[in-house]
Amino acid sequence: MLRENQRRFKFDWITIILFLLLVGFGYVNILSASHDGEVTSYFNMSELYGKQLVFIGLTFVIILLILSLEAKFYERFSSIIYLVAILSLVGLFIFGKDVNGARSWYGIGSMTIQPSEFAKFATALAVAKYISDIQTNMKTLKDQIRVAAIIFIPALLILLQNDAGSTIVYLAFFFVFYREGLQQIYLIVVISLILLAVLSLKFGILATTVVALIALTVRYFFRKKKRASKLQYILVLFIAVGFAYGVKLFYEHGLQTHQQNRISLWLRLEKDPVKLEQMRKAEAYNLIQSEEAISSGGLTGKGFFEGTRTTGKFVPEQETDYIFSTVGEEWGFLGSSAVVLLFVFLIIRILYLAEAQKSQFSRVYGYGVASILFVHFTINIGMVMGLIPTVGIPLPFFSYGGSGLWGFTILLFIFIKLDSNKINEW
């Protein structure tokens, strides 16, 4: 067997090029969204685009460090990396800094670091390590609970810091579990619960009960395999109704007013046009401006630095969560489509490489990377276009911020390193 310094490595340049294209185009849009008049220096640290350029420069230092480490390092020390990530999240409750109502940051001089961005790759490593253990069987309830706990701990800590957007990302690991042998019944249950939640809010408990009753009746009479007892179906119906009632109760008494309004606007729950308009002005101002910016771009866009809503600062948080609105206004439908295709190609490429891995650890981690990027990409663009409720979640490699850029870079390049080492594995 070859020693580490004698081993051959073959980096996937397609993935690296897609990464570079996304980071480069992301910076171009941050430059457009954050500049104030004429750009005199790209390294102006008083401007966001100047800081982002420094973040990008440090990103390449991080990449070199990741690729210089032995590939097995990430598997051997995955538990320690995960523990450090958990401790960094716990420390926020004592030393954290409030930013926009979320206690998710450490203040270091004039800079801030968001540990939740780094906890994603740490959790992905821990999940891959546990699932790939020879004693783990994802079809047993015991191992399902344990691996779920690995995900639940950081997700809960982030939720307690009032960062619901980052918490949602941890649902991405469901796709990993499904690939590694989780029974189909879990997928059916998750989809059913989502439908029940939407139905209960949109149409009420009675209508939801009727729909659930019809669905269970159809399944009872048309199921080909041996039928379960009627008592089991009745029990499932009561659970469904109880869940629907619980969702309704949580919506009315558990959520804050602005969270209720965002869901209400998304599902069109408010019937009073006056109240609806008040809600839109109070809670959907960002979304309205974002939609108008995107629609004004037309087919080819207004051109670089020519977006009137972008340069006029009409869209709040345009450099971060709403960066895609800049793409829509200045680069139009064609530019927006190009960004979407770049993300789709990147995710498909990662999945393709994950399936080619000889190590289960590398494969599981690859699926974790693809799933996290997919959830971020889907939610962010869906949010900016008004297809899903507004949540604070960045667009990978695009949105302004060092923590997000570095976190996603580490997430991706650990997999690139693992993939490069597969030619040395037997």
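Just so you know, these numbers use all the heavy atoms, side chains as well, and skip hydrogens, waters and symmetry mates. Every value quoted in this text rests on a predicted model; they were computed, and no experiment measured them.
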Apply side-chain contact (heavy atoms from CB on, under 4.5 Å) to the pair Val241 and Thr208, showing each step before the final yes or no. CA-CA 7 Å; Val241 174; Thr208 304; over 6 Å; no

Evaluate the criterion side-chain hydrogen bond (donor to acceptor under 3.5 Å, both in side chains) for residue pair Tyr365 and Gln357; output intermediate values, then yes/no. CA-CA 10 Å; Tyr365 182 78; Gln357 299 303 305; over 6 Å; no

Of all heavy-atom pairs between [X] and [Y], which one has the smallest distance, and what is that distance?
X      : Y      : value
Phe398 : Val327 : CE2-CG2, 3.8 Å
Ala128 : Ser132 : O-OG, 2.7 Å
Ile66  : Thr409 : CD1-O, 4.4 Å
Ile372 : Lys120 : CD1-O, 4.0 Å
Asp98  : Arg103 : OD1-CB, 3.2 Å
Tyr106 : Ser88  : OH-O, 2.6 Å

Between [X] and [Y], is any pair of side-chain heavy atoms under 4.5 Å apart?
X      : Y      : answer
Leu92  : Pro115 : yes
Ser290 : Phe324 : no
Leu346 : Phe377 : no
Ile131 : Val147 : yes
Lys142 : Asn137 : no
Glu319 : Tyr49  : no
Glu70  : Arg76  : yes
Leu21  : Phe25  : no

Evaluate whether atom [atom1] of [X] has more than 12 neighbouring non-hydrogen atoms of other residues, nucleotides or ligands under 6.0 angstrom away.
X      : atom1 : result
Phe73  : CZ    : yes
Met385 : CE    : no
Ile94  : CD1   : yes
Phe345 : CZ    : no
Phe243 : CZ    : yes
Phe93  : CZ    : yes

Working note: Phe304 + Leu31, criterion side-chain contact (heavy atoms from CB on, under 4.5 Å); need CA distance, chi angles, decisive distance, verdict. CA-CA 10 Å; Phe304 185 47; Leu31 176 62; 3.9 Å; yes

What's the separation between atom [atom1] in [X] and atom [atom2] in [Y], rounded to the nearest 0.5 Å?
X      : Y      : atom1 : atom2 : value
Thr209 : Leu237 : OG1   : CG    : 7.0 Å
Thr59  : Leu20  : OG1   : CG    : 10.5 Å
Ile350 : Leu18  : CD1   : CG    : 9.0 Å
Tyr170 : Leu156 : OH    : CG    : 11.5 Å
Ile348 : Leu353 : CD1   : CG    : 12.0 Å
Ile379 : Asp321 : CD1   : CG    : 11.5 Å

Output yes when a side-chain donor or acceptor of [X] lies under 3.5 Å from a complementary backbone atom of [Y], and no otherwise.
X      : Y      : result
Thr167 : Asp163 : yes
Asn380 : Ile393 : yes
His376 : Pro394 : yes
Ser420 : Lys417 : yes
Glu330 : Gly301 : no
Ser371 : Gly368 : no

Can we say Glu355 and Arg363 salt-bridge, meaning some charged N sits less than 4.0 Å from an Asp/Glu carboxylate O?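 A salt bridge is absent here (no side-chain N lies under 4.0 Å from a carboxylate O).
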
Side chains of [X] and [Y]: do they bring a donor and an acceptor to under 3.5 Å?
X      : Y      : value
His253 : Lys248 : no
Asn29  : Ser32  : no
Thr140 : Asp143 : yes
Gln318 : Ser325 : yes
Gln289 : Tyr322 : no

Test side-chain contact (heavy atoms from CB on, under 4.5 Å) applied to Leu418 and Lys422, step by step: CA-CA 7 Å; Leu418 293 173; Lys422 70 175 181 287; over 6 Å; no

Name the orientation class of the two ring planes belonging to Phe121 and Phe118 (parallel below 30°, tilted from 30 to 60°, perpendicular beyond 60°).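 Perpendicular: the ring planes of Phe121 and Phe118 meet at over 60°.
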
Does the plane of the ring in Tyr400 sit parallel, tilted or perpendicular to the ring in Phe55? Use 30° and 60° as the thresholds.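 It falls in the tilted class, 30° to 60°.
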
Positive for ring pair (Phe, Tyr, Trp, His ring centres under 6.0 Å) with Phe19, one of Phe343, Phe413, Phe408, Phe11: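 The passing option is Phe413.
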
Audit row: Ser116, Gln114, side-chain hydrogen bond (donor to acceptor under 3.5 Å, both in side chains) steps and yes/no: CA-CA 6 Å; Ser116 62; Gln114 188 175 12; 3.3 Å; yes

Check each of Ile416, Leu411, Ile347 against Val369 using the side chain to side chain contact (heavy atoms under 4.5 Å, CB included) test, and report the only one that passes.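 The single option meeting the side chain to side chain contact (heavy atoms under 4.5 Å, CB included) with Val369 is Leu411.
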
Could you go step by step and tell me if Glu180 and Val364 meet the side-chain contact (heavy atoms from CB on, under 4.5 Å) rule? CA-CA 8 Å; Glu180 294 303 315; Val364 174; 3.6 Å; yes

